[in-house]
Amino acid sequence: MLDINIIREKPEWVKEQVARRFDNAPIDEIVAGDARRREILQEVEELRRQRNETSKEIGVAMGALKKREADLKRAEAGQDGGQPLDVLRAEVAAMTASAEAAKDKPREIGERIAQLDEELREVEETLHANMLWVPNIPDPSTPVGPDESFNLIHEPQGAPIPQFDFEPKPHWDLGPELGILDFERGVKLSGSRFYILRGAGARLQHAVIQFMLDMHVQKHGYEEIYPPFIVRSENFVTAGQLPKFYDNIYRDAEEDFMLLGTAEIALTNMHRDELMEEADLPIKYVAYTPCFRREKMSAGKDVRGIKRGHQFDKVEMYRYTTPETSFAALEEMKQEAIDICEALGFPYRVLELATGDISYASVKTYDIEVWAAGCGEWLEVSSASNCTDFQARRANARYRPAEGSKTRFCHTLNASGLALPRVMIAIMENNQQEDGSIVVPEVLRPYMGGREVIR
RNA sequence: GGAGGGAUGGCCGAGUGGACGAAGGCGAUGGUCUUGAAAACCAUUGUGGGUUUAGGCUCACCGAGGGUUCGAAUCCCUCUCCCUCCGCCA
């Protein structure tokens with residue numbers, strides 16, 4: 001969500017920014033809706049003020065009336081108030097009549113308020129719906145271009161591209177041959193694009209998860225979070241997945257539950273509607289979760305192997321920062337993802353995503369790709385984004401600055417650290433030997449009972 | 001799943017449909033006092049929207065959303081969450 005004030009004050013500039021993303025968010029409608037909203041608001045609030053005023057007067061009159069009625073009652077019971085009964089009766093009758101008459105005006109005002117409220121509700125609903133479709137403003141450093149072909153690709157780093165004196169196999173051959181990957185039975189359970197890791201394969205993935213969590217917790221200073229994997233749809237709106245990606249989410253048919261597509265959704269909502277102190281920031285979370293994505297994947301693309309499925313595991317880093325520190329945090333998080341690649345001995349490269357390729361909530365995104373020797377591809381293992389205050393505004397996650405009292409929205413960032421299937425592919429394919437066995441990266445051996453080779 | 005009880009400011013906790021943005025307490029901040037501190041005393045102490053050159057004015061918010069009413073923290077309905085009891089269950 002953008003700040004409505006920016007759109008109100010600089011609509012043309014916002015339109016340019018949206019155009020840089022090759023998006024077509026309805027800025028003109030928003031400007032018109034916002035103006036109409038304030039128009040109605042002023043009118044309706046003036047009416048409310050009038051009604052409050054007269055209601056208070058009625059309140060005072062009713063109070064006096066009640067007293068008089070009490071006097072009358074006492075007098076009728078013979079407890080004598082010193083006034084003749086008929087005078088009292090007439091007075092009470094007159095006061096009742098005038099109080100009743102006084103109700104006409106506020107009642108009339110109330111009807112007009114109800115009308116205006118209805119219109120206001122409609123205007124705000126439309127305005128809000130339109131606002132949800134406006135993407136974040138890209139950072140000036142983000143390369144401009146409509147799609148991934150405009151991404152800025154940096155030189156490969158890390159380990160050299162492995163060379164073999166035999167023909168390296170893709171993981172979809174290596175895995176089944178070693179008995180650590182079972183495609184047939186995965187399909188038997190859940191259909192195409194599902195697989196079963198077994199034996200050393202399951203152990204290996206577990207080892208990678210534990211290794212990554214340990215590094216992020218112990219070296220990078222994150223707090224580990226284990227969130228629910230199914231959450232209410234409002235969490236998806238906050239994180240920016242909804243309304244845009246409704247079709248890609250696995251949903252519960254009976255209740256308002258959705259399966260996480262990424263831990264980012266849960267982590268974005270942890271501090272929803274919270275007011276934090278500046279001293280609390282930065283908050284750094286790391287979470288391991290499975291991720292579920294109902295992707296309408298084209299037949300024939302990425303079908304082989306475990307590169308892309310409807311369920312995969314991921315370790316995700318997440319930060320809440322001040323606005324001043326979010327870009328430095330983005331660089332750190334990119335480096336933290338790289339640290340994992342380095343430790344696992346991967347050749348990797350960094351990409352700066354183009355405006356047309358970064359996610360909706362992001363102003364700047366780095367992708368990290370590792371080389372997989374068997375299928376001969378660079379595979380995306382991490383995506384690190386600065387979402388500035390976009391998600392925080394939707395989440396209403398604010399903090400109180402140490403200096404000055406005006407509350408501000410936090411900035412939020414996310415970075416995979418890393419996505420498991422592609423890491424598994426790289427380990428299997430890059431570390432394979434001629435006999436089809438796989439050398440376990442050294443840093444993982446302590447997590448696998450010292451095992452050095454899977455054969 | 002069934003039956004009850006609850007949700008009020010940073011926290012605790014009052015609140016017969018009319019003066020309630022909300023008593024009281026705690027906490028926090030500023031001040032008086034003090035060599036300093038504590039105590040005591042005094043004062044201040046929510047968020048968001050609209051409007052305004054400014055000071056200000058105004059509207060909304062008592063779990064959420066509807067309703068009744070001239071007027072709702074208070075009455076009615078729906079929902080969410082928490083607690084107690086019963087049932088079911090890895």
Side-chain angles (χ1 to χ4, degrees), chain A residues 1-9 30-70 73 92 95-129 131 226-238 252 254-258 266 269-280 389 392-410:
Chain A
M1 189 93 75
L2 288 189
D3 185 350
I4 184 69
N5 287 305
I6 293 179
I7 299 178
R8 186 183 300 161
E9 284 158 22
I30 289 171
V31 172
D34 174 56
R36 181 67 189 134
R37 171 179 172 269
R38 283 181 296 158
E39 212 173 83
I40 300 173
L41 218 48
Q42 283 174 48
E43 198 178 341
V44 84
E45 284 185 358
E46 170 57 21
L47 288 172
R48 253 196 262 275
R49 193 193 60 74
Q50 288 176 19
R51 186 180 65 181
N52 288 347
E53 205 175 70
T54 36
S55 280
K56 267 184 189 168
E57 287 165 11
I58 293 173
V60 172
M62 294 298 279
L65 172 59
K66 273 177 195 158
K67 253 186 204 153
R68 236 46 196 131
E69 280 173 339
K73 256 205 179 124
V92 166
M95 286 171 85
T96 306
S98 101
E100 283 307 315
K103 289 181 184 180
D104 288 345
K105 190 184 162 202
R107 188 182 286 131
E108 213 171 279
I109 294 174
E111 280 161 16
R112 285 166 61 202
I113 290 174
Q115 281 171 14
L116 286 171
D117 267 344
E118 175 60 19
E119 191 186 349
L120 183 63
R121 198 190 55 75
E122 283 167 20
V123 168
E124 287 189 330
E125 197 173 287
T126 306
L127 180 61
H128 183 70
M131 285 294 286
Y226 177 88
F229 300 158
I230 49 178
V231 299
R232 295 217 181 93
S233 58
E234 59 184 319
N235 296 285
F236 283 72
V237 176
T238 302
D252 186 292
E254 293 176 9
E255 289 185 84
D256 181 29
F257 278 136
M258 293 179 161
N269 284 279
M270 277 188 53
H271 296 282
R272 181 168 7 111
D273 295 321
E274 288 186 19
L275 181 57
M276 291 165 271
E277 297 299 327
E278 180 166 353
D280 298 334
D389 60 2
R393 183 170 279 108
R394 291 187 179 203
N396 189 29
R398 297 166 301 156
Y399 75 99
R400 201 188 298 280
E403 303 286 324
S405 58
K406 190 83 180 150
T407 59
R408 304 170 79 191
F409 289 108
C410 302

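Chain letters run A, B, ... following the sequence lines, proteins first and then strands; every chain starts at 1.
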Output yes when at least one side-chain N/O atom of [X] is less than 4.0 Å from OP1 or OP2 of [N], else no.
X	N	result
R107(A)	rG71(B)	no
R8(A)	rG50(B)	yes
R51(A)	rG71(B)	yes
S55(A)	rU69(B)	no
N52(A)	rG71(B)	no

Picking from [options], which would you name as closest to the side chain of [X]?
X	options	answer
Q42(A)	rG49(B), rC70(B), rU51(B)	rU51(B)
T407(A)	rG48(B), rG50(B), rU58(B)	rG48(B)
I58(A)	rG18(B), rG49(B), rC59(B)	rG18(B)

Could you check how far [atom1] of [X] sits from [atom2] of [N], rounded to whole Å?
X	N	atom1	atom2	value
M276(A)	rG10(B)	CE	P	15 Å
N5(A)	rG48(B)	CG	P	13 Å
R48(A)	rA60(B)	CZ	C1'	7 Å
K103(A)	rG18(B)	NZ	C1'	11 Å
M95(A)	rC70(B)	CE	P	19 Å
I109(A)	rU69(B)	CD1	P	16 Å
R398(A)	rG10(B)	CZ	P	10 Å
R408(A)	rU47(B)	CZ	P	16 Å

So what's [N] paired with, Watson-Crick or G-U wobble, going by both distances under 3.5 Å?
N	answer
rA7(B)	rU80(B)
rG1(B)	rC86(B)
rA14(B)	none
rC61(B)	rG46(B)
rA73(B)	none
rU34(B)	none
rG55(B)	none

What interatomic distance, in whole Å, is found between [atom1] of [M] and the corresponding atom of [N]?
N	M	atom1	answer
rC86(B)	rG13(B)	P	26 Å
rU74(B)	rG17(B)	P	11 Å
rU68(B)	rA73(B)	P	16 Å
rG24(B)	rA43(B)	P	11 Å
rG21(B)	rG49(B)	C1'	16 Å
rU44(B)	rC26(B)	P	16 Å
rA28(B)	rG67(B)	C1'	40 Å
rC75(B)	rG18(B)	C1'	15 Å

ask   = Taking C-beta and beyond as the side chain, do H128(A) and M1(A) meet within less than 4.5 Å on heavy atoms?
value =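 Heavy-atom side-chain distance check passes, below 4.5 Å.
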Polar contact flag, side-chain donor to acceptor under 3.5 angstrom, R8(A)-N5(A) =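 Short answer, yes.
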task = Apply side-chain hydrogen bond (donor to acceptor under 3.5 Å, both in side chains) to E46(A) and Q50(A), showing your working.
result = CA-CA 6 Å; E46(A) 170 57 21; Q50(A) 288 176 19; 3.0 Å; yes
ask   = With sugar-phosphate meaning primed atoms plus P, OP1 and OP2, does L41(A) contact a base, only sugar-phosphate, or nothing at under 4.0 Å between heavy atoms?
value =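 Sugar-phosphate contact only - L41(A) comes under 4.0 Å of backbone atoms but never of a base.
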task = With heavy atoms under 4.0 Å as the rule, sort R232(A) into base, sugar-phosphate or nothing.
result = sugar-phosphate
query = 5'-most contact on RNA chain B: V60(A) or E45(A), nearest heavy atom basis?
reply = V60(A)
Along RNA chain B (nearest heavy atom to each residue), the more 5'-positioned of G59(A) and E53(A) = G59(A)
query = When you look at CZ of R49(A), are more than 12 heavy atoms from neighbouring residues, nucleotides or ligands closer to it than 6.0 Å?
reply =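 Result for CZ/R49(A): enclosed.
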request  = For E122(A), look at atom CD and say whether over 12 heavy atoms of other residues, nucleotides or ligands are found less than 6.0 Å away.
outcome  =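 Yes.
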Smallest separation among heavy atoms of [X] and [Y], with atom names:
X	Y	result
P401(A)	R408(A)	CG-CD, 3.6 Å
C410(A)	M276(A)	SG-CE, 3.7 Å
H271(A)	A397(A)	O-CB, 3.5 Å

